[in-house]
Amino acid sequence: MPELPEVETVRIGLNELLPGHKVVFAASDWAKSFPNSQADVNAFLIGSKVVRVRRRAKVLIIDLDTNYSLIVHLKMTGQLVYRALGNRIRFGAGHPNSSLIGQLPDKSTRVTLELDKAHLFFNDQRKFGWMKLLPTVEIEQLDFFKKVGPEPLEKDFTSTKFIQCLRKRNNSGAKAVLLDQTIVAGVGNIYADESLWGAGIHPAKLVREINDRQLRTLFSELQFVLKLAIDKGGSTDKNYVNAEGKLGSYLNFARVFRREELDCPRCSSAIQKLKVAGRGTHICPACQKL
DNA sequence: CACTTGACCTGTCCGC
DNA sequence: TGCGGACAGGTCAAGT
């Protein structure tokens, strides 16, 4: 569930908190969450210092002063939570993580990094996420990074380039294309639905049947929802928390996502939930016609 | 080659 | 109260 705004929110937080910290110890109880050998961990992670925290698409990159990096994908339920020693995290009442008050690690903690004056916990209920240690220069050689599309919020990413990217999949549905990480990076289910509603485009509409003017609107709506979501600290549905364990509030501002049966904010029609591109999809049937 | 489905996992919810 | 099944959705691999 973490998409670009959630991962960016974690990045901003970790980039404030981590640089300068030394890694003292690392432990994992689920090998797939952190598949590196103990020898590599000992040689390139333990004793290293964090230099900076970057993001590409939905992937976090924690650069170390050993010329190695930790790359982290949160997938659906991953959390990367920093806690200064002696500091307690408070989740909101009623939140599934509210039982975690004051206690981490918990049963979803897959990796614990002990820093000199803090802990960094990688929690992941569903175990789809991962953390990997590898030489910094090898990151761009990974298949994912070679194939991934442009960052939608980069300054030089114009509506013209956006349209060129989408037209490569002219025969596919609009939502399927937005979700394709090789076309545009970082968009997932929430912001695909939100931006398509903003542009008044049905998610199953074929790209070839959408004109350039509508695609330009989709581009500005996509940038709008991504920026708003970063401003609101991301979307917390069930699991997502930021680097300090705090919730995101974008869903309080969502127009269609998880709002089936409620009124469309534009025309008051009842929002519908359907399945498009294999995903739960929310639309206003009046504003978004096929 | 483009598109769909299954696998990876756990927790929650719904119907019986 | 328990139990089976559907569902949640990011990405890769396999199948159509």
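We name chains A, B, ... by the order of the sequence lines, and we start the count at 1 in each one.
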Between C/dT11 (P) and A/Asn189 (CG): distance, integer Å: 12 Å
Near-parallel close stack of A/Phe128 and B/dC8 base (under 5.5 Å, under 30°): yes
Base C/dA8 paired with A/Arg126 side chain (donor-acceptor, <3.5 Å): yes
Passing candidate, side chain to side chain donor-acceptor pair (under 3.5 Å) with A/Thr281, options A/Lys273, A/Lys275, A/Lys175, A/Gln272: A/Lys175
Sugar-phosphate only, base, or nothing, as touched by A/Phe257 at under 4.0 Å among non-hydrogen atoms: sugar-phosphate
Touch class at under 4.0 angstrom, heavy-atom based, for A/Asp143 against every strand present: nothing
Rounded distance in Å between the P positions of C/dA8 and B/dC3: 23 Å
Interatomic distance, A/Asp237 CG vs C/dG9 P [rounded to whole Å]: 7 Å
Minimum heavy-atom distance A/His73-A/Lys75, with the two atoms named: ND1-N, 2.9 Å
Touch class at under 4.0 angstrom, heavy-atom based, for A/Lys127 against every strand present: sugar-phosphate
Sugar-phosphate, base or nothing in reach of A/Lys168, heavy atoms under 4.0 Å: nothing
Sugar-phosphate only, base, or nothing, as touched by A/Thr77 at under 4.0 Å among non-hydrogen atoms: nothing
